[in-house]
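Heads up, the thing below is written out as structure tokens.
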Amino acid sequence: MIRYLTAGESHGPELIGIVEGLPAGLPLSQDAITLQLARRQEGYGRGGRMAFEKDTAEIVSGVRFGKTMGHPVALKMVNRAYERDEDNWPRVMSSTPVDGPVERITVPRPGHADLVGVQKFRFDDIRPVIERSSARETAMRVACCATARELLRYFGIQIGGHVLQIGEQGYDGWDNVRSAADPLLIDGAEKLGMAADASEVRCLDDNLTELMVEEIKKRRKEGSSLGGIYEIVVTGLPAGLGSYAHWDRKLEGILAQAVMSTQAMKGVEIGLGFEAGRRHGHQVHDEITWEQERFGRTTNRAGGLEGGVTTGMPLIIRGIMKPIPTMLKPLKTVDMETKKIQDTRYERSDVCALPRAVVVVENVIAPALANAFLEKFGGDSISEISERYRPAN
Ligand SMILES: Cc1cc2nc3c(=O)[nH]c(=O)nc-3n(C[C@H](O)[C@H](O)[C@H](O)COP(=O)(O)O)c2cc1C
């Protein structure tokens, strides 16, 4: 089973990741990880410095001559701002006590972990909370999860995501969305993801892309922010992954945890999801077929899972991301020290991070799926797994 840990603060020297449980013999290159990191950095709605530096995660253990050894894979990513001594970060984030005062942050931002983090750890400064709760952490999470994604890819399981809605702009109904996406799934979901990558907002529809960009411009001008709804599709999953036999083995529960553990995610649905609550049963359940010696379904409203187990149909996960909490137009808050009401301070921030967050979620579900795959077909090496891998018909 694959486990991973991340460590590091946004402006500390490095982000560190360890992935344990990858089988031996999996081709794994730094390029595969860099690709996902680059996709995570692209998208309309980024704030501040547009000429951001490209993230790279260096593989420092567990891979020899381009293949995993079955040992833990350690990854490290340098934080350039720290390295360049920008804004005094080596002093602000020093691991040893420093001489003289360091500016404390005492004004919590609503929608962030600022206040609850201070209440929880009894800090007198919000800085440590900001440093760890920020979505900078998703850079290393993506790097770690990209390794599990490579395992899935090896066995023909592909992941692709796209944006359905940003603020007021989006598709009319989910059924329209899926049929529009279907031709993109024939060769695997990566084609869908690549088509979405071509849009500044990762939307498959050109008209909607324009409207979404306009929506972001409008909210930026107002000093506000946006979230939205996205869809992740996984193709090539064999039937029978996951289990109905015990609650903690149900795959939708495991996937929901992966999605909801991502910063700013406030909802997740599988298949029709919430829409199923507005329909009667015959408009929801997928009839079973037997064609060309295989079981199938006439429709895929269940989104590829029944009873917590994959059906062999594409897995459809939808999630919602809340609007970014840091906004140019301030919100009211209270200074922790003086207890006086005051405005939030603005720091460089995205207006809408949804197009980038789609890539994060594409990757964070990979270990959950890889583990369901390994549970059924697992072994110590890729060759052992290949001998066992036989999809159900
Ligand atoms: C890819 C990504 C980028 C984000 N960028 C920002 C940002 O620039 N500014 C911001 O205030 N929040 C940003 N967020 C959201 C915050 O990290 C998140 O809302 C905050 O940590 C509070 O956690 P919660 O929303 O899960 O409760 C981003 C989230 C993701 C997934």
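Atoms within a ligand are numbered from 1 in the order they appear, just like the ligands themselves. Note that the structure is predicted; figures quoted are calculated from it, not measured. Along the sequence shown, residues are numbered consecutively beginning with 1.
- In this structure, atom 20 (C) of ligand 1 lies nearest to the protein heavy atom H112 ND1, 3.8 Å.
- Taking a cut-off of under 4.0 Å to the non-hydrogen atoms of P325, the atoms of ligand 1 that pass are 10 (C), 11 (O), 12 (N), 19 (O).
- Below 30°, between 30° and 60°, or above 60°: for Y389 and F377 the angle between ring planes is above 60°, a perpendicular geometry.
- At a 4.0 Å cut-off, at least one heavy atom of M321 sits close enough to ligand 1 to count as contact.
- In this structure, a donor-acceptor pair under 3.5 Å is present between the side chains of N79 and R136.
- Those atoms of ligand 1 with a heavy atom of R356 less than 4.0 angstrom away are 3 (C).
- Given atom 10 (C) of ligand 1, the protein heavy atom at minimum distance is I324 CG2, 3.4 Å.
- The shortest N or O to N or O distance between K266 and ligand 1 is below 3.5 Å.
- Here the heavy atom of the protein found nearest to atom 26 (O) of ligand 1 is A264 N, 2.9 Å.
- Side-chain N/O atoms of H112 and S133 include no donor and acceptor closer than 3.5 Å.
- Ligand 1 has no N or O atom lying under 3.5 Å from any N or O atom of R109, backbone or side chain.
- The number of heavy atoms from other shown groups lying within 6.0 Å of NZ (K322) is above 12.
- Remark: minimum distance from atom 2 (C) of ligand 1 to any protein heavy atom is reached at A135 CB, 3.6 Å.
- The number of heavy-atom neighbours closer than 6.0 Å to CZ of R109, taken from other residues, nucleotides and ligands shown, is above 12.
- Side-chain atoms of T6 and R132 include a donor-acceptor pair closer than 3.5 Å.
- For atom 21 (O) of ligand 1, the nearest non-hydrogen atom of the protein is S133 O, 3.3 Å.
- Protein heavy atom in closest approach to atom 8 (O) of ligand 1: D350 N, 3.0 Å.
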Checklist entry - Going through the distances and angles, do R127 and E9 end up as a salt bridge (charged side-chain N to carboxylate O under 4.0 Å, His left out)? => result CA-CA 10 Å; R127 171 57 60 198; E9 284 80 29; over 6 Å; no

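- Under a 4.0 Å N-O distance rule, the pair R388/E384 qualifies as a salt bridge.
- Counting protein heavy atoms only, atom 7 (C) of ligand 1 is closest to S349 OG, 3.4 Å.
- With a 4.0 Å heavy-atom cut-off, ligand 1 is reached by the side chain of K322 but not by its N, CA, C or O.
- Residue, atom and distance of the protein heavy atom nearest to atom 11 (O) of ligand 1 are T326 OG1, 2.5 Å.
- Residues T138 and R40 bring a donor and an acceptor atom of their side chains to less than 3.5 Å of each other.
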